[in-house]
Every structure is written in C-alpha cells, then in structure tokens.
Amino acid sequence: MTMFCLRRWTLEDAASIARHADNPKVAANLRDVFPSPYTLEDAESFAAFCCGADESRELIRVIAVDGAAAGSISLTRGGDVYRRSAELGYWLGEAYWGRGIMTAAVREICRLGFAQWDIVRIYAEPFARNAGSRRVLEKAGFTLEGVMRSGVCKNGEILDYCLYSLLKDEFRG
C-alpha cells in the first residue's frame, strides 16, 4: 500500500486538490454538489469551508500522499433522531486508485469519529454501480444493508444506490 496520512485542511491544499478533482471519472461517482469540471476556484472555496468546519458536527480531512492533497474524506453527524449516526463521504484522485489508500483512510476516519463523538453508527451511500467504492467499504468492515432501487438521479440517469453501515461495537480499527 502507498503511504498516506489524514490531516486537517489548509488553504494551500487547493491547487493539488483541483488537479485531482478535475476528473470526470471522479465526479461520476459523487453527488452533484461536487462540480465537474472542477476549477481552482472550486478547490479554494472547498478548502476554506473545510478549514472552518465545526468539528462537533463534521470531521473533514485531506488524504495526503507524499505530503500533497490527493483526496478528501469526511464524517458528518446527523441531527435530531439521527444524532447518534454519521455519514461517511470520500473521494481520491484516480492516480491513487487500487492502492489500498481509501480502505485504510476509511478505517482511520471511522476510528476518529467513534473516538471523538458519541455515535453508534457510520453509514455510506455509494452508487450501486461503483464497485470500487463498495469494495472499499466491505474491506473496511461495513455491512450492506440494502439497495435503494432508482434512488438517485446522476447526469440525467436514474440509478440505484447502496446503504452500508458500520456499528461502533463491530468496529475493529
């Protein structure tokens, strides 16, 4: 596996993130809030948002490879009746796919979330066709809870998505 670290965001991460994020293959598997094409201005805006994140609600980390930002991973706490759960989101530059980085990053952010917050569940919702992301979650110990048929619309196409979860008492970080 390629060495990486999770660290807090800095404004200086924008240029590296813009290079990796401006890739239709990355955007194809993410929600529409992720711009495509992805500009330096998008990256600067996102980096500023991440630098100001309230860690009582969101843990947002850079996935750094050789010191440079190569992707992003986050946990976002739910509210109201969902307050004991957190949603996992992530992406990684294509140059680093298939190296075991994301599986290890998922395990690390889950360790941080379970340690820092009073949560009992972390969940993720990859598109059903995203075999790579589904494999990451399964290797990190997540359980497939179900497939939401025709649950999302991406680029005009109606797609299925999956619901995966990891419970605190199942976590082997």
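Everything numeric in this text was worked out from a predicted model, so none of it was measured. Positions are given from 1 along the sequence.
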Q: Show your working on side chain to side chain contact (heavy atoms under 4.5 Å, CB included) between Phe34 and Val26 and close with a plain yes or no.
A: CA-CA 9 Å; Phe34 189 91; Val26 171; 4.0 Å; yes
Q: Do the side chain of Trp97 and the main chain of Leu92 share a donor and acceptor less than 3.5 angstrom apart?
A: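 Yes, the answer is positive, given that a donor and an acceptor are paired below the 3.5 Å cut-off.
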Q: Which ring-ring contact (aromatic ring centres under 6.0 Å, His included) pairs, counting each pair once, include a residue from residues 40-83, with sequence neighbours left out?
A: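 Checked against ring-ring contact (aromatic ring centres under 6.0 Å, His included) - neighbours excluded - the pairs reaching residues 40-83 are Trp9-Phe46.
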Q: Search all heavy atoms of Ala53 against all heavy atoms of Ile60 and return the closest pair with its distance.
A: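 Looks like CB-CD1, 3.8 Å.
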Q: Honestly curious: do Val147 and Phe142 fall in one hydrophobic cluster under the side-chain, below-4.5 Å linking rule?
A: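 Val147 and Phe142: separate clusters.
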Q: Check salt bridge (charged side-chain N to carboxylate O under 4.0 Å, His left out) between Lys139 and all other residues, then give those that pass, not counting sequence neighbours.
A: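 Result, salt bridge (charged side-chain N to carboxylate O under 4.0 Å, His left out) vs Lys139: none returned.
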Q: Quick check: is Tyr90 connected to Phe127 through a chain of hydrophobic side chains (ILVMFWY, heavy atoms under 4.5 Å apart)?
A: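 No, separate clusters.
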Q: Do you know which two heavy atoms are closest between Ile63 and Ile101, and how far apart they sit?
A: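 Smallest interatomic distance, heavy atoms only, reads CG2-CG2, 3.8 Å.
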Q: Is there a path of hydrophobic side-chain contacts, each under 4.5 Å between heavy atoms of I, L, V, M, F, W or Y residues, that connects Leu59 with Leu167?
A: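 Result: no, two separate clusters.
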Q: Can you check whether Val136 reaches Val106 side chain to side chain, under 4.5 Å on heavy atoms?
A: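 SC-SC contact between Val136 and Val106 confirmed.
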Q: Mind jotting down which residue pairs meet the salt bridge (charged side-chain N to carboxylate O under 4.0 Å, His left out) criterion with at least one end in residues 46-57? Sequence neighbours excluded, please.
A: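 As it turns out, the salt bridge (charged side-chain N to carboxylate O under 4.0 Å, His left out) pairs with a partner in residues 46-57, which skip direct neighbours, are Arg8-Glu55, Glu55-Arg61.
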Q: Distance from Ser36 atom OG to Asp22 atom CG, nearest 0.5 Å?
A: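 Answer rounded to 0.5 Å: 7.0 Å.
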Q: Would you name the heavy atoms of Cys110 and Leu166 that are closest together and state the gap between them?
A: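 Minimum heavy-atom contact is SG-CD2, 4.0 Å.
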Q: What's the separation between atom SG in Cys51 and atom CG in Leu11, rounded to the nearest 0.5 Å?
A: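 Cys51 SG to Leu11 CG: 4.5 Å, rounded to 0.5 Å.
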Q: Is Trp91 reachable from Val152 through a run of hydrophobic residues whose side-chain heavy atoms are each under 4.5 Å from the next?
A: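 Val152 does not cluster with Trp91.
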Q: Quick check for you: to the nearest 0.5 Å, what is the distance between Glu138 atom CD and Ser133 atom OG?
A: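 Taking CD in Glu138 and OG in Ser133, the distance rounds to 9.5 Å.
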Q: Hey, what else clusters with Val120 if you join Ile, Leu, Val, Met, Phe, Trp, Tyr whenever side-chain heavy atoms sit under 4.5 Å?
A: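 Joined to Val120, directly or through intermediates: none.
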Q: At their closest point, which heavy atom of Ala70 faces which heavy atom of Val65, and how far apart are they?
A: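 Minimum heavy-atom contact is CB-CG2, 3.9 Å.
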Q: Who pairs with Tyr123 by ring pair (Phe, Tyr, Trp, His ring centres under 6.0 Å), at least two apart in sequence or on another chain?
A: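 Once residues adjacent in sequence are excluded, Tyr123 has no partner under the ring pair (Phe, Tyr, Trp, His ring centres under 6.0 Å) criterion.
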Q: Kindly state each residue pair satisfying salt bridge (charged side-chain N to carboxylate O under 4.0 Å, His left out) with at least one member in residues 81-97, sequence neighbours excluded.
A: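 Salt bridge (charged side-chain N to carboxylate O under 4.0 Å, His left out) check on residues 81-97 returns Lys25-Glu94, Arg31-Glu87, Arg84-Asp118.
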Q: Let me confirm one number: the CG-CG distance from Leu88 to Leu137, rounded to the nearest 0.5 Å.
A: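 Between atom CG of Leu88 and atom CG of Leu137 there are 6.5 Å.
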Q: Any chance you could measure Arg172, atom CZ, to Arg111, atom CZ, to the nearest 0.5 Å?
A: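 One finds 15.5 Å between CZ of Arg172 and CZ of Arg111.
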Q: Report the residues that fulfil salt bridge (charged side-chain N to carboxylate O under 4.0 Å, His left out) with Glu58, sequence neighbours left out, ordered by chain and then residue number.
A: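 Scan of Glu58 (salt bridge (charged side-chain N to carboxylate O under 4.0 Å, His left out), adjacent residues dropped) gives none.
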Q: Can you list the residues that meet the ring pair (Phe, Tyr, Trp, His ring centres under 6.0 Å) rule with Phe114, with sequence neighbours excluded?
A: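 Partners of Phe114 under the ring pair (Phe, Tyr, Trp, His ring centres under 6.0 Å) test: Phe171.
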Q: So how far is it from Ile109 CD1 to Met102 CE, rounded to the nearest 0.5 Å?
A: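 Going from CD1 on Ile109 over to CE on Met102, the span is 10.5 Å.
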Q: Do His20 and Tyr38 have their ring centres less than 6.0 Å from each other?
A: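 Ring-ring flag for His20/Tyr38: false, centres at least 6.0 Å apart.
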Q: Report yes or no: does Ser16 contribute a side-chain atom to a donor-acceptor pair with the main-chain N or O of Ala69 at less than 3.5 Å?
A: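 Side chain of Ser16 to backbone of Ala69, a donor-acceptor pair under 3.5 Å: yes, one is there.
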Q: For a quick test of reading the model, state the closest non-hydrogen atom pair linking Arg134 to Pro126 and the distance between them.
A: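 Distance-wise, the nearest heavy atoms are CG-CG, 4.0 Å.
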Q: Please list all pairs meeting salt bridge (charged side-chain N to carboxylate O under 4.0 Å, His left out) that have one or both residues in residues 41-53, counting only residues at least two apart or in different chains.
A: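 Residue pairs passing salt bridge (charged side-chain N to carboxylate O under 4.0 Å, His left out), neighbours aside: none found.
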Q: Among pairs that include at least one residue of residues 64-80, which meet salt bridge (charged side-chain N to carboxylate O under 4.0 Å, His left out), considering only residues two or more places apart or in two chains?
A: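 Residue pairs passing salt bridge (charged side-chain N to carboxylate O under 4.0 Å, His left out), neighbours aside: none found.
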Q: Dump the intermediate steps for side chain to side chain contact (heavy atoms under 4.5 Å, CB included) on Met148 and Leu163, then the final yes or no.
A: CA-CA 7 Å; Met148 309 309 125; Leu163 179 60; 3.7 Å; yes
Q: Residues two or more places apart in sequence or in another chain: which of them pass salt bridge (charged side-chain N to carboxylate O under 4.0 Å, His left out) with Arg121?
A: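 Salt bridge (charged side-chain N to carboxylate O under 4.0 Å, His left out) list for Arg121, sorted by chain: Glu145.
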Q: Anything under 3.5 Å between a donor and an acceptor, one on a side chain of residues 155-162, the other on a protein residue two or more places apart or in another chain? List them.
A:
from   : atom 1 : to     : atom 2 : distance (Å)
Glu157 : OE1    : Arg129 : NH1    : 3.2
Asp160 : OD1    : Ser150 : N      : 2.7

Q: What pair of heavy atoms forms the shortest contact from Leu40 to Ala18, and how long is it?
A: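 So the two residues come closest at CA-CB, 3.9 Å.
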Q: Answer yes or no: is there a donor N or O on one side and an acceptor on the other, between the side chain of Asp13 and the main chain of Thr10, under 3.5 Å?
A: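 Side chain of Asp13 to backbone of Thr10, a donor-acceptor pair under 3.5 Å: yes, one is there.
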